[in-house]
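One structure below.
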2 protein chains.
Amino acid sequence: MLGEKGNSKSSEMQKKMGDFVAKCRQNGLKITPQRMAVYRALLESKEHPSAEMIFRTVKEVFPSVSLDTVNRTLLTLDEIGVAFIVEGSGDSKRYDANLGDHQHFKCVKCKRIVDFHHKPFDNIKVPKSIGENFIVLRKTVYIEGICDLCAKKQN
Amino acid sequence: MLGEKGNSKSSEMQKKMGDFVAKCRQNGLKITPQRMAVYRALLESKEHPSAEMIFRTVKEVFPSVSLDTVNRTLLTLDEIGVAFIVEGSGDSKRYDANLGDHQHFKCVKCKRIVDFHHKPFDNIKVPKSIGENFIVLRKTVYIEGICDLCAKKQN
DNA sequence: TACTATATAGTAGTCTATCCTATTTGTTCG
DNA sequence: CGAACAAATAGGATAGACTACTATATAGTA
Ligand SMILES: [Mn+2]
Ligand SMILES: [Mn+2]
Ligand SMILES: [Zn+2]
Ligand SMILES: [Zn+2]
């Protein structure tokens, strides 16, 4: 049972890594170990990590990796559409490689980003005034406030 | 005609400044000329300015004002609820003192923030999983992409 | 007017992200 | 395979956006 779960998870990961390789080739990008490691670290994290967080993770396997490479790679992931920068209120960039339908709640105190999925928020219809004049790349419902952990602290 | 428009606009501004003074008193905040100038500058701008933009504007009237004061004041405006930080994808903070129902489109190239108002996007119903566990302070529909001006440049 | 807590100016420091350049490496093609 | 070349990286410098610190100034008040 546990073994099977582990295998299915690992094969799912392998599929995603394979798709990523294909996507890189489509975009004329080289398959470098650093690029792979950054994407894998992002995929495996559930906390919408910053570049610095990814940097620390990748460094464990790749001690000589530079922060610049991590930053550049994360921007590339966004550009080719395999990840995106999570919306927020002016804090440092946070990334997400989960392209499935979902939305985010962000805590203004601890900056934690919590996934949730509310079907009515998928497929937002952009009004004509925007859709006809601008190229829409991303649309979502954004909710921010104070998370349970931070609310407790305040009392 | 022009005179009347000017007067009505100026009296509307005066009302908002009066409300702001009241709000400061409610929150035990002193009425300082710097604080007034920052709030006025934000009210008069339609471009969702950054702290730096506000700083430059306030400096014209108040040459000795410091950037730190502007930053602190803008955060205070957010805290007491007379303004807020516009949502975005990891760029520098941008502020808005327009509390009326509206939403934003942000250009990922030039960082321009465009107001729009689509009634179905007002009064978003927060799902229970969020509303029951977290304190919601702000909720909105966020749209980003490439604006008309930047789209032209690319061709 | 005098007192006190708050706010400010000026500056130093921190954190994030980007730029620069010499070197390395993935990919292509013979 | 084994060059050849363009793309990518490491490491350090630089820039930009806040944030912290501290001595001084000032708004609110009694
Ligand atoms: Mn997510
Ligand atoms: Mn606005
Ligand atoms: Zn929190
Ligand atoms: Zn633009």
Side-chain angles (χ1 to χ4, degrees), chain A residues 17 20-39 41-42 48-56 58-80 83 85-86 88-95 108-111, chain B residues 17 20-39 41-42 48-56 58-80 83 85-86 88-95 108-111:
Chain A
M17 293 308 292
F20 177 57
V21 168
K23 196 87 179 184
C24 285
R25 294 240 158 83
Q26 280 171 36
N27 289 80
L29 298 174
K30 292 180 177 174
I31 315 301
T32 68
Q34 292 91 335
R35 193 167 273 161
M36 291 308 215
V38 167
Y39 181 63
L42 182 56
H48 306 88
S50 66
E52 187 68 35
M53 293 168 184
I54 295 282
F55 179 57
R56 282 196 296 269
V58 173
K59 245 183 135 93
E60 287 170 17
V61 180
F62 235 97
S64 73
V65 75
S66 76
L67 179 57
D68 183 49
T69 294
V70 172
N71 268 304
R72 249 183 311 101
T73 302
L74 289 168
L75 290 178
T76 303
L77 299 186
D78 179 288
E79 277 166 20
I80 67 175
I85 302 169
V86 180
S89 297
D91 307 305
S92 64
K93 289 188 180 72
R94 301 280 289 272
Y95 294 87
V108 298
K109 297 282 181 190
C110 68
K111 316 301 182 193
Chain B
M17 293 308 293
F20 176 56
V21 168
K23 196 88 179 183
C24 285
R25 294 239 160 84
Q26 278 170 37
N27 289 80
L29 297 174
K30 291 181 177 172
I31 314 301
T32 68
Q34 291 92 334
R35 192 165 274 161
M36 291 308 218
V38 167
Y39 181 63
L42 182 57
H48 306 89
S50 66
E52 186 68 36
M53 293 169 186
I54 294 283
F55 179 57
R56 281 197 296 270
V58 173
K59 245 183 135 95
E60 286 170 17
V61 180
F62 236 98
S64 73
V65 76
S66 76
L67 179 56
D68 183 50
T69 294
V70 172
N71 268 303
R72 249 183 313 101
T73 302
L74 288 169
L75 290 178
T76 302
L77 298 186
D78 180 289
E79 278 166 20
I80 67 175
I85 302 169
V86 181
S89 295
D91 307 304
S92 64
K93 290 188 179 74
R94 302 280 290 271
Y95 295 87
V108 299
K109 297 281 180 192
C110 68
K111 316 301 182 193

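Numbers restart at 1 for each chain; the letters A, B, ... are given by sequence-line order, proteins then strands.
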Problem - Heavy-atom protein contacts under 4.0 Å, nucleotides 3-9 of chain D, coded B base, S sugar-phosphate only, - none - result: ---BBSB
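- Taking CD from B/Glu52 and CG from B/Asn71, the interatomic distance works out to 9.0 Å, rounded to the nearest 0.5 Å.
- To the nearest 0.5 angstrom, B/Leu75 atom CG is 6.0 Å from B/Ile85 atom CD1.
- Residues satisfying the salt bridge (Lys or Arg N to Asp or Glu O under 4.0 Å) criterion with B/Lys30, sequence neighbours excluded, are absent altogether.
- Using a 4.0 Å heavy-atom cutoff across all strands shown, B/Leu74 reaches no nucleic acid atom at all.
- Between the side chain of A/Arg35 and the backbone N or O of A/Thr76 there is no donor-acceptor pair closer than 3.5 Å.
- Expressed to the nearest 0.5 Å, how far OG1 of A/Thr73 lies from OH of A/Tyr39 amounts to 13.5 Å.
- If B/Asp91 and B/Ile31 are placed on DNA chain D by their nearest nucleotide, the residue sitting closer to the 5' end is B/Asp91.
- With sequence neighbours excluded, the residues satisfying side-chain hydrogen bond (donor to acceptor under 3.5 Å, both in side chains) with B/Ser66 are B/Thr69.
- Distance CD/A/Gln26 to SG/A/Cys24: 9.5 Å, rounded to 0.5 Å.
- Residues forming a side-chain hydrogen bond (donor to acceptor under 3.5 Å, both in side chains) with B/Lys59 (at least two apart in sequence, or on another chain): none.
- B/Lys111 places its NZ atom 14 Å from the C1' atom of D/dA17, with the value rounded to the nearest Å.
- Distance check, rounded to the nearest 0.5 Å: CG of B/Leu74 to CG of B/Leu42 gives 6.5 Å.
- Two end axes, each from the C1' atoms of five base pairs, can be drawn for the helix from C/dT1-D/dA30 to C/dG30-D/dC1; they diverge by 40°, to 10 degrees.
- Taking 4.0 Å as the cutoff to heavy atoms of chain A, we find the contact window on DNA chain C bounded by C/dT16 to C/dT27.
- Expressed to the nearest 0.5 Å, how far CD1 of B/Ile31 lies from CE of B/Met17 amounts to 9.5 Å.
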